[in-house]
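Here is the naming used below: chain letters follow the sequence lines, and residue numbers restart at 1 for every chain.
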Amino acid sequence: MVEKNQNDKGLNLDKIKKLIEMLERSSLEEIEVSYKDIHLKLKKPQSVNPVIHTSPVVPATSVLERESVQTNSEIAKVEEKMTEIKSTDFEVKSPMVGTFYRAPAPNAEPFVKVGDIVKKGQTLCIIEAMKLMNEIESEVDGKVLEIRVQNAEPVEYGETIMIIDTGI
Amino acid sequence: MVEKNQNDKGLNLDKIKKLIEMLERSSLEEIEVSYKDIHLKLKKPQSVNPVIHTSPVVPATSVLERESVQTNSEIAKVEEKMTEIKSTDFEVKSPMVGTFYRAPAPNAEPFVKVGDIVKKGQTLCIIEAMKLMNEIESEVDGKVLEIRVQNAEPVEYGETIMIIDTGI
Amino acid sequence: MFRKILVANRGEIALRVIWACKELGIKSVAVHSDIDADSLHVRFADESVCIGPALSSQSYLKIPAIIAAAEISNADAIHPGYGFLSENPEFAEICRACNITFIGPSPEVIALMGNKSEAKKTMKKAGVPVIPGSDGPVKSLDEAISIAKDITFPVILKASSGGGGKGMRVVYSENEMKDAFNLARSEAMASFNDDSLYLEKYLENPRHIEVQILGDKYGNIIHLNERECSIQRRHQKLIEEAPSPALTPALRKQICETAVRGAKFVNYQNAGTMEFLYDNGNFYFMEMNTRIQVEHPVTENITNIDLLISQILSACGDKMIYKQKEIKIVGHAMECRINAEDPFYFTPNPGKITTFHTPGGPGVRVDTAAYTGCVISPYYDSLIAKLVTRAPTRQDCISRMKRALESFIIEGIKTNIPLHLKILENRKFKMGKISTKFLEELLSR
Amino acid sequence: MFRKILVANRGEIALRVIWACKELGIKSVAVHSDIDADSLHVRFADESVCIGPALSSQSYLKIPAIIAAAEISNADAIHPGYGFLSENPEFAEICRACNITFIGPSPEVIALMGNKSEAKKTMKKAGVPVIPGSDGPVKSLDEAISIAKDITFPVILKASSGGGGKGMRVVYSENEMKDAFNLARSEAMASFNDDSLYLEKYLENPRHIEVQILGDKYGNIIHLNERECSIQRRHQKLIEEAPSPALTPALRKQICETAVRGAKFVNYQNAGTMEFLYDNGNFYFMEMNTRIQVEHPVTENITNIDLLISQILSACGDKMIYKQKEIKIVGHAMECRINAEDPFYFTPNPGKITTFHTPGGPGVRVDTAAYTGCVISPYYDSLIAKLVTRAPTRQDCISRMKRALESFIIEGIKTNIPLHLKILENRKFKMGKISTKFLEELLSR
């Protein structure tokens with residue numbers, strides 16, 4: 001930012017002093033701060049203790065705090081689930097925005113059901129966008145573990161639509 | 001003190017001096033500061049003698065280069081001084097905004113000089129505010145180690161005006 | 001022109017003064033308490049002086065500290081903002097004695113208008129209608145009862161030196177008078193060190209309508225139309241707007257011209273506000289604020305006149321450049337005061353603001369000294385931002401305010417934004433059917 | 001009225017559309033690439049749809065993804081903002097075929113005015129002065145030389161489908177023509193997949209003056225006066241203002257009425273801008289932008305008309321509510337585009353914004369989608385905020401802009417704020433003596 005004509009209340013000596021005190025009292029090894037065009041690095045002598053990293057000096061608050069709160073609980077949910085799920089699970093993500101269909105026609109059988117064994121290249125579902133029916137094929141061999149989207153529901157780009165267990 | 005506008009925001013000698021003091025007094029090993037095109041790194045060796053680097057990073061034509069050349073001799077002086085300073089130092093802070101006077105009248109002797117022994121209750125200086133002369137008395141017994149403000153200079157509330165060594 | 005103005009205030013109004021100084025090319029000096037060292041008014045002023053500890057009485061209210069700060073920084077004028085020392089005649093007097101221009105009216109006018117019962121008497125003389133009531137302080141309970149009977153109940157008792165709702169009591173009948181009189185008197189004593197009370201007719205559903213006055217040093221006084229500030233809680237304004245939805249053009253002319261007459265009578269200089277209670281076509285002088293008001297942006301928005309710049313130029317001795325007949329109202333403006341408080345319990349909620357994102361876009365103005373990471377201290381007033389909108393019509397102005405409130409993100413502390421949204425969605429509010437009782441009624445439901 | 005508008009854009013203009021939707025009580029749908037999931041337009045819209053990966057061609061420029069997003073969210077209209085698909089006639093055509101209202105002019109008008117040489121021909125027929133030059137594309141080098149001799153050197157070669165300075169070459173003499181012609185042609189081919197070029201007289205010190213047009217579906221077209229956008233670098237505008245300091249009232253009337261005549265000739269609907277080069281009392285049609293412009297707030301500030309709301313109402317089939325003679329200019333307005341770039345080397349500077357504090361106070365408007373903690377991605381345009389000021393006079397407007405720039409704190413990335421301050425302090429700029437060469441000259445010193 002521009003050099004303002006006012007006194008810079010950024011990193012004055014008093015603040016540096018306080019930072020030194022803080023560093024001394026802490027178990028940290030080093031403090032590095034950038035503020036406007038000032039960069040400051042304070043370092044303690046090498047110690048035996050394990051190095052502790054506390055990165056953001058300035059709290060990296062997001063405008064989206066509410067959402068990140070939700071995200072945490074969502075993460076918790078996902079994590080719980082993840083414990084059941086093996087590392088061999090494959091997430092089928094929607095390659096486009098559109099409407100998800102499980103079957104080729106309203107009264108037809110769905111392409112796949114939970115528990116089905118699928119082969120690479122097999123059609124898993126259809127995503128309709130602009131009246132075009134896009135068949136989504138499996139990229140892996142495996143067993144359908146979960147179908148995340150209801151028939152005829154909208155999906156976003158990148159949304160997980162199915163989970164396939166490739167470890168069978 | 002009133003913040004001077006512009007121009008003195010850089011890393012001038014006084015500030016470097018103070019930074020050195022801070023590093024000396026601390027248990028830290030290293031201080032690194034970048035400000036605009038000046039880069040300053042102060043590092044304590046594992047041994048006793050501090051190694052001091054002051055070098056402008058970008059344009060070698062910087063106005064501050066000359067100053068940093070001079071810095072070394074200044075630093076030497078500071079070092080000498082600093083070795084004397086103990087944790088028993090007492091900072092005399094201004095209890096009010098006003099103008100600092102070292103003596104009761106323009107041609108009188110100053111109340112105290114560096115090196116003087118002072119007693120609790122002894123007048124250290126005067127701070128004038130709204131034509132009122134406020135005598136500032138020492139809160140401790142000790143020896144005047146440093147007088148931070150020049151005679152007839154303004155002081156802010158809370159500004160350190162003197163340092164008294166109470167450990168004598 | 002002044003060389004350097006000391007801003008004897010903090011928060012958004014200190015910044016507001018600094019903006020005006022910058023636009024006029026005048027240097028500014030911020031004063032601050034020690035806990036305000038990281039405040040934006042300190043950052044944006046050309047110079048700053050720490051004047052004392054957090055407690056206002058030891059810093060922002062301490063006259064010697066502020067005068068000393070002006071002296072050591074060589075400021076030739078002081079802008080007092082609102083609150084703190086802005087209506088303290090002694091401070092204005094000391095500034096004058098120290099040869100520092102106080103940006104505001106003369107100490108004499110501040111003193112005269114600062115005493116509510118004296119101000120009322122004076123305005124009565126000037127031909128400004130005042131609420132029927134006692135002529136000055138009531139001396140005894142008996143006198144209070146006799147006047148009340150005369151002007152008919154309900155009546156209201158008020159502290160002569162009062163403000164902010166303290167020392168006020170509404171009395172509906174003779175029976176209630178004794179207790180009310182004693183209570184109001186002790187409150188007045190405790191709050192203002194002055195137990196004198198006055199009494200007036202109590203209006204059941206009044207609107208708060210005030211007129212912005214601007215005067216120079218040569219007797220030229222104009223008005224910049226009215227503001228309506230009926231949305232208030234315990235005499236603390238919450239939403240202000242202009243023009244008032246209650247006034248016809250004829251009534252507007254009448255009330256504004258009356259305000260100018262009153263201001264001329266006391267030879268008013270600089271910016272000031274005449275506050276009236278308005279009920280059913282009648283309006284009564286309540287008090288005059290001899291300073292800039294929190295809600296001045298509302299007037300700036302409908303007149304395109306910068307009130308702070310006008311204050312400075314007037315104090316500097318410039319002649320009034322506006323003619324009354326050239327002052328035009330453009331559109332509608334509204335201000336919501338965003339306070340750090342629980343939106344429904346009104347308990348202050350100081351703390352650290354972790355996210356602060358202000359709304360933008362057309363017709364939105366934000367006056368604030370808050371920022372992401374700043375700490376709202378419990379020592380000072382809870383106002384953290386003024387959100388002001390303008391639009392061609394009152395309805396558009398409300399829609400704009402609503403979307404601005406919805407996109408104002410303040411995290412880390414509670415604010416009254418939810419209350420503002422609730423008010424804006426109220427049917428009576430939308431229709432402009434408001435009074436000073438509006439909020440009380442809304443909250444009691 | 002529309003029930004739900006999909007905003008086919010990102011950044012500040014997406015927010016601007018959302019504000020208008022909110023004020024009109026219309027639901028909004030944000031579309032976004034995966035890396036924009038935390039953007040403010042996603043947060044403030046009523047709904048959001050992720051439409052693809054970061055690369056614009058796979059998301060904001062991908063027509064099927066946007067149409068599908070409108071379909072799954074049941075949006076009945078799409079606002080394209082500026083850039084991306086805003087001037088793509090195919091997109092407007094597909095919207096129409098899908099029964100979704102495209103908020104803008106018809107696909108036919110977009111196509112006609114989008115081809116620069118066709119647009120020029122058409123405007124010539126409408127009696128709008130155009131720069132002397134080729135009548136449509138020049139077929140060969142020989143033809144280019146012959147026309148250049150005819151209209152006298154210097155001349156400028158431009159890509160027929162061009163924009164943003166690509167495929168442009170100034171030619172000062174016959175000798176230079178061959179190389180310039182070939183270079184411009186290959187640039188045009190590479191950038192727009194169309195190597196056709198046209199040629200026109202090159203003006204040495206022109207001003208960029210443009211007229212804001214607003215039309216409804218019933219042939220009513222008005223202008224909202226001009227903007228001057230002469231402060232530009234490589235045809236990228238940096239500072240825009242209104243009114244232009246170059247025009248007399250008579251010239252203003254002439255240029256604005258000419259623009260309306262041109263717009264009427266093509267039966268223009270919705271908001272659009274006629275861009276002219278102005279030199280010494282003469283003005284020449286350059287091109288028409290068939291969309292809202294970045295600098296629209298400048299016009300909103302001097303006319304008090306909300307252009308986004310006007311666009312939506314017009315697309316919805318509402319009749320024009322403004323009469324030309326009622327459009328009044330109030331004061332002066334200026335916009336500085338704040339870009340995430342090195343202020344003097346112009347290299348983009350994406351990264352995380354660690355502090356973002358926007359200026360407030362009277363007459364200051366900020367349109368931005370940035371916030372403390374947000375990441376400015378290298379995938380999109382470097383515009384992070386538009387700072388707009390209004391004041392009674394141009395001089396006051398500049399003072400206000402200066403203090404607003406000085407109090408705009410952006411940390412973590414470099415911005416062009418220092419360059420803006422440098423321009424604002426320039427004597428020639430202050431006097432209004434500017435041209436499209438101004439910035440080049442300032443920077444070369």
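- When every heavy atom of C:E406 is checked against every heavy atom of D:F44, the shortest pair comes out as O-CE2, 3.8 Å.
- Atom OG1 of D:T372 and atom OH of C:Y371 lie 11.5 Å apart (nearest 0.5 Å).
- Interatomic distance, D:N304 CG to C:N304 CG, rounded to the nearest 0.5 Å: 7.0 Å.
- C:L40 touches chain D through its side chain: at least one heavy atom from C-beta onward sits under 4.5 Å away, while N, CA, C and O do not.
- When the candidates D:E12, D:M401, D:R390, D:K22 are compared by the number of heavy-atom contacts under 4.5 Å with chain C, D:R390 comes out ahead.
- Other residues, nucleotides and ligands place more than 12 heavy atoms under 6.0 Å from the NZ atom of D:K4.
- Your options are C:V330, C:V364, C:D306, and the one with the most heavy-atom pairs under 4.5 Å with chain D is C:D306.
- With a 4.5 Å cut-off on non-hydrogen atoms, D:A370 touches chain C through its backbone but not through its side chain.
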> Step by step, would you call C:I18 with D:R403 a side chain to side chain contact (heavy atoms under 4.5 Å, CB included)?
Replying inline: CA-CA 9 Å; C:I18 293 168; D:R403 74 100 175 140; over 6 Å; no

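- Each of C:S399, C:P392, C:P362 has some count of heavy-atom pairs under 4.5 Å with chain D, and the biggest count is that of C:P362.
- For chain D, the option among C:R400, C:E300, C:K402 with the highest count of heavy-atom pairs below 4.5 Å is C:R400.
- Shortest non-hydrogen contact noted between D:G361 and C:R365 is C-NE, 3.3 Å.
- Within the model, atoms CD of C:E23 and CD of D:Q395 stand 11.5 Å from one another, a figure rounded to the nearest 0.5 Å.
- Contacts of C:S407 with chain D are made by both backbone and side-chain atoms, with heavy-atom separations under 4.5 Å.
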